[in-house]
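Just below is one structure, and these are the notes that go with it.
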Amino acid sequence: MLKNLVIVESPAKARTIEGFLGKDFLVKSSFGHVRDLSKKALGVDIEKGFLPLYEISSDKKKVVTDLRKLSKDAETVWLATDEDREGEAISWHLAETLDLEEKKIRRIVFHEITKNAILSAIEHPRSIDRNLVMAQQARRVLDRLVGFELSPLLWKKVKPALSAGRVQSVAVRLIVEREEEIRQFKAQSAFKVTADFQVDTPDGPVVVEAELSRKFDNKEEARQFLEACREAKYRVASIETKPAKKSPAPPFTTSTLQQEASRKLGFSVSKTMLVAQQLYESGKITYMRTDSVNLSNLALGMAKEEITGTYGANYVKTRKYTTRSKGAQEAHEAIRPTYMNQAQIEGDVSQQRLYDLIWKRTIASQMADALLEKTTVTIDISNSTEKFIARGEVIRFDGFLKVYKESTDDEDSEEKEDLLPPMQQGQEMHTDDIKATQRFTVIPFRYTEASLVKKLEELGIGRPSTYAPTISTIQKREYVLKGDKEGFKRDYVILSLKKNQLKESVKTEKVGYEKAKLIPTDIGILVNRFLMQFFENIVDYNFTASVEEEFDKIADGKRVWHEVIRDFYHPFHQQIENTQTGTTKFTGEKLLGVDPESGRNVFVKIGKYGPMVQLGDTESEDKPRFARLGKEFTIETIRLDQALELFKLPKVIGDFENEDVTIGVGRFGPYIRHKGIFYSLPKTDDPHSILLARAVEIIAEKREANEKKVIKEFAEDTGIRVLNGRYGPYIQSGKNNYKIPRNVKPELLSLDDCRKIIAEAGETKNNSSRRFIRKKS
DNA sequence: CAGTGAGCGAGCTTCCGCTTGACTT
């Protein structure tokens, strides 16, 4: 008879804990939630007080069967899921689906995976917190109601297969509004004046750069100032030295790890999570989905020891951080190395780089402040009330800076400040190089994946486990795309006074260039406009925060969950009904102009298949013509002449083997059609200008590739073939594909050989431990 | 993949949050 069954959420955690507990305890994992609302329909019975219709998730059937069997045998079942709303709910769902008797159940919680924490948890069991579970149920039901009533409305009014939700729609809104800000942005310019002063020191002359205390609004004022400088004398008015300090950033949470890995390593959010998962599973770091900056006492001790040993005791400063972020639930520790004395690990390059970042950040967080000395020198100008200011900075004690410096999103803020040479109050200063440079206000940055996560976290929207999936969803729906923006060239003026010569010159700078930023598409912009017009309350930046307040009341036993849902749902559903019946299709139609040839109107809008141009009115007697917008155009920016060009396709460009060769643009991009067969056009060929000879070439290439594709066929069994694919030769059997062993020549395979390979592959399938990453579709 | 766009109507799409698994070559 099994004495104790412990159930946690993650299998890696189960392995670790089992080591702490000894032989009377079997530790298993639930792999997260085991039940969810039915996917078939709404999954909520509104008539019956919003009764949730739960089903065991299809991928958890086996988990539940196994746990059910073990729990029947067990004397005591310890539900050790995370101590947050979702974790409490997982325990409750487990108790329900496993049919556990009340007296068998012990609910335990711990925030850190250390032996002491776990043994102490075992000594302090409690029962499942029903209020907290109902708060989770309210959260779940609300998200389902919003998502499954709004999305179908979009299918009807905008375009099929779209989606909307409490989290993703706000993410899209942020990106759309940032783009609008950029569009509206008008750069202001001002003239910044700097002077290079020469200061003599025992080691020779040193240049000190100083900036004028004010900027000039226009060139004339700047010029007047420089003119005056010809006659001016300069003198040090004051020297002020002040101590300053810098403190390290707190240890990583999911969100800050994603931000730093993006800035310092160029990782996408999903890449960061993938690599972190690998580090976690191999026991190198603690759990990677967390909103907590807390470190266990064990970790604090290890950090102290490591810092003392490597840098000395004066570099140690033990710090306890507290979380400020909205809605944080703090079920885990911060993300940190499992063993602080491991500065390096084995692993691939990505793992090593991410680990290095985590190690440094964690260690730095437990190190002393950096002590600085900041010096400000004010220089008087004899014929002006303005002052020149020179600033210098010296690091007196590097402290945590020895290990780690946090980076910022603001690329312009990296001002370098160095040591200033010794100067005296009243000292005369000399300069023969003063410049007034035109500087522009900085255009707002588009979001990166990571800076979007940061913003969402600030708003309390989404959770550590959903940041990466949310970003992938809004890209999959084609609301936003990740891309580069070219930027533009801009002239700026420099006035310079060198050796009393006043000169004006114009230079060019490139601005607004951005790489791997989130840019809204036409569809994203249109869906956002729809939601803003009819469901402003749902995409409100405070919507999540205000429903979270209600969920907290449920958790505190001050409100009943279905009453909270009722109060939300009825007005919301009325909004859905009103929009359903009260509005026509929402296409974002825009009249571009008139086609000079036919005299018909040209429109751009979103159709069933995405952005398109339309020639002729919808109500006109002649059926209007349609053409899809390629990737190179958007509804916002396309011009009439570009739109008219699109109607020139499909067109016949000539004759090959006595049949027409047609060029068109379809769902999957530009194509050539010949004898009813489609050939995709490479990106390098322009469908509007391609010539027959090139088209024939592409057809020939494709035919050749097709011929090469089949290496072997068998008359006895047409279901099995040896083919040449993107990744080399393979065996196809029905719908399944099989790898050919390295030492086998594919063209020599017999039918029996193939069958053998297929049979063997079937066997190894179950005990294979290889990991594959799901390809993004 | 399949190269559409009216309207009909079938049947499909969809949420957020917790986990890892899967298959491919």
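Since the model is a prediction, treat every value here as computed from it, not as a measurement. Chain letters run A, B, ... following the sequence lines, proteins first and then strands; every chain starts at 1. Only this structure's heavy atoms are used, side chains among them; waters, hydrogens and symmetry mates stay out.
The nearest whole Å value for the distance from the CD1 atom in A:Ile90 to the C1' atom in B:dT19 is 8 Å. At whole-Å resolution of the value, NE2 in A:His93 and P in B:dC18 are 13 Å apart. In this structure, A:Glu281 atom CD and B:dA22 atom C1' are separated by 13 Å, rounded to whole Å. With rounding to whole Å, A:Lys61 atom NZ is found 17 Å from B:dT19 atom C1'. Between the C1' atom of B:dT19 and the CG atom of A:Asp84 lies a distance of 13 Å, rounded to the nearest Å. For A:Ile461 and B:dG17, the CD1 to P distance is 10 Å, given to the nearest whole Å.
Applying the side chain to side chain contact (heavy atoms under 4.5 Å, CB included) criterion to A:His111, with sequence neighbours excluded, gives A:Glu83. For A:Asp291, the salt bridge (Lys or Arg N to Asp or Glu O under 4.0 Å) partners two or more places apart in sequence, or in a different chain, are A:Arg463. With sequence neighbours left out, the side chain to side chain contact (heavy atoms under 4.5 Å, CB included) criterion links A:Arg673 to A:Thr662, A:Tyr671, A:Phe678. Remark: A:Glu333 pairs with A:Glu112, A:Thr286, A:Leu295, A:Ser296, A:Ala299, A:Arg336 by the side chain to side chain contact (heavy atoms under 4.5 Å, CB included) rule, at least two apart or across chains. Evaluation of the side chain to side chain contact (heavy atoms under 4.5 Å, CB included) rule for A:Val158 yields A:Leu154, A:Leu162, A:Leu526, A:Val527, A:Phe530, A:Phe586 as partners, not counting sequence neighbours. Applying the salt bridge (Lys or Arg N to Asp or Glu O under 4.0 Å) rule to A:Asp66 yields the partners A:Lys62; only residues at least two apart in sequence or on another chain are considered.
Both the sub-6.0 Å distance and the 45° axial angle are not jointly satisfied by A:Arg477 relative to the ring of A:Tyr479.
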List the atom pairs, with distances to 0.1 Å, where a side-chain N or O of residues 10-18 of chain A and a protein N or O form a donor-acceptor pair under 3.5 Å, not counting sequence neighbours.
from: A:Ser10; atom 1: OG; to: A:Ala12; atom 2: N; distance (Å): 3.3
from: A:Ser10; atom 1: OG; to: A:Lys13; atom 2: N; distance (Å): 3.3
from: A:Ser10; atom 1: OG; to: A:Tyr280; atom 2: OH; distance (Å): 2.7
from: A:Lys13; atom 1: NZ; to: A:Asp82; atom 2: OD1; distance (Å): 3.0
from: A:Thr16; atom 1: OG1; to: A:Ala12; atom 2: O; distance (Å): 3.0
from: A:Glu18; atom 1: OE2; to: A:Val27; atom 2: N; distance (Å): 3.1

Polar-atom pairs under 3.5 Å, protein N or O versus N or O of nucleotides 5-9 of chain B: list them with distances, or write none.
from: B:dG5; atom 1: N2; to: A:Tyr609; atom 2: N; distance (Å): 2.8

Produce the list of close N/O pairs, under 3.5 Å, pairing protein atoms with atoms of nucleotides 1-3 of chain B; give distances to one decimal.
from: B:dG3; atom 1: N2; to: A:Gly669; atom 2: O; distance (Å): 2.9

Please tabulate the protein-to-nucleotide N/O contacts below 3.5 Å involving nucleotides 11-15 of chain B, giving atom names and distances.
from: B:dT13; atom 1: O2; to: A:Ala161; atom 2: N; distance (Å): 2.5
from: B:dC15; atom 1: OP1; to: A:Ser163; atom 2: OG; distance (Å): 3.2
from: B:dC15; atom 1: OP1; to: A:Gln168; atom 2: NE2; distance (Å): 2.7
from: B:dC15; atom 1: OP1; to: A:Arg477; atom 2: NH2; distance (Å): 3.3
from: B:dC15; atom 1: O2; to: A:Arg140; atom 2: NH1; distance (Å): 3.1
from: B:dC15; atom 1: O2; to: A:Arg144; atom 2: N; distance (Å): 3.4
from: B:dC15; atom 1: O2; to: A:Arg144; atom 2: NE; distance (Å): 3.3
from: B:dC15; atom 1: N3; to: A:Arg140; atom 2: NH2; distance (Å): 3.0
from: B:dC15; atom 1: N3; to: A:Arg144; atom 2: NE; distance (Å): 3.2
from: B:dC15; atom 1: N3; to: A:Arg144; atom 2: NH2; distance (Å): 3.3
from: B:dC15; atom 1: N4; to: A:Lys39; atom 2: NZ; distance (Å): 3.3
from: B:dC15; atom 1: N4; to: A:Arg144; atom 2: NH2; distance (Å): 3.3

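Nucleic acid contact for A:Tyr467: none, since no nucleic acid atom lies under 4.0 Å from a heavy atom of the residue. A:Gly87 comes within 4.0 angstrom of nothing in the nucleic acid, heavy atoms only.
Ion pair A:Glu88/A:Arg85 not flagged as a salt bridge, since none of the NZ, NE, NH1 or NH2 atoms sits closer than 4.0 Å to an Asp/Glu carboxylate oxygen. For the pair A:Asp143 and A:Arg166, the salt-bridge criterion is met [side-chain N within less than 4.0 Å of a carboxylate O].
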What would the secondary structure line of DNA chain B be in dot-bracket form, counting Watson-Crick and G-U wobble pairs under 3.5 Å, with [ ] for pairs that cross earlier ones and | for pairs with another strand?
.........................
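Using a 4.0 Å cut-off on heavy atoms, none of the residues of residues 644-653 of chain A approach DNA chain B.
For the pair A:Thr81 (side chain) and A:Gly87 (backbone), a donor-acceptor distance under 3.5 Å is present.
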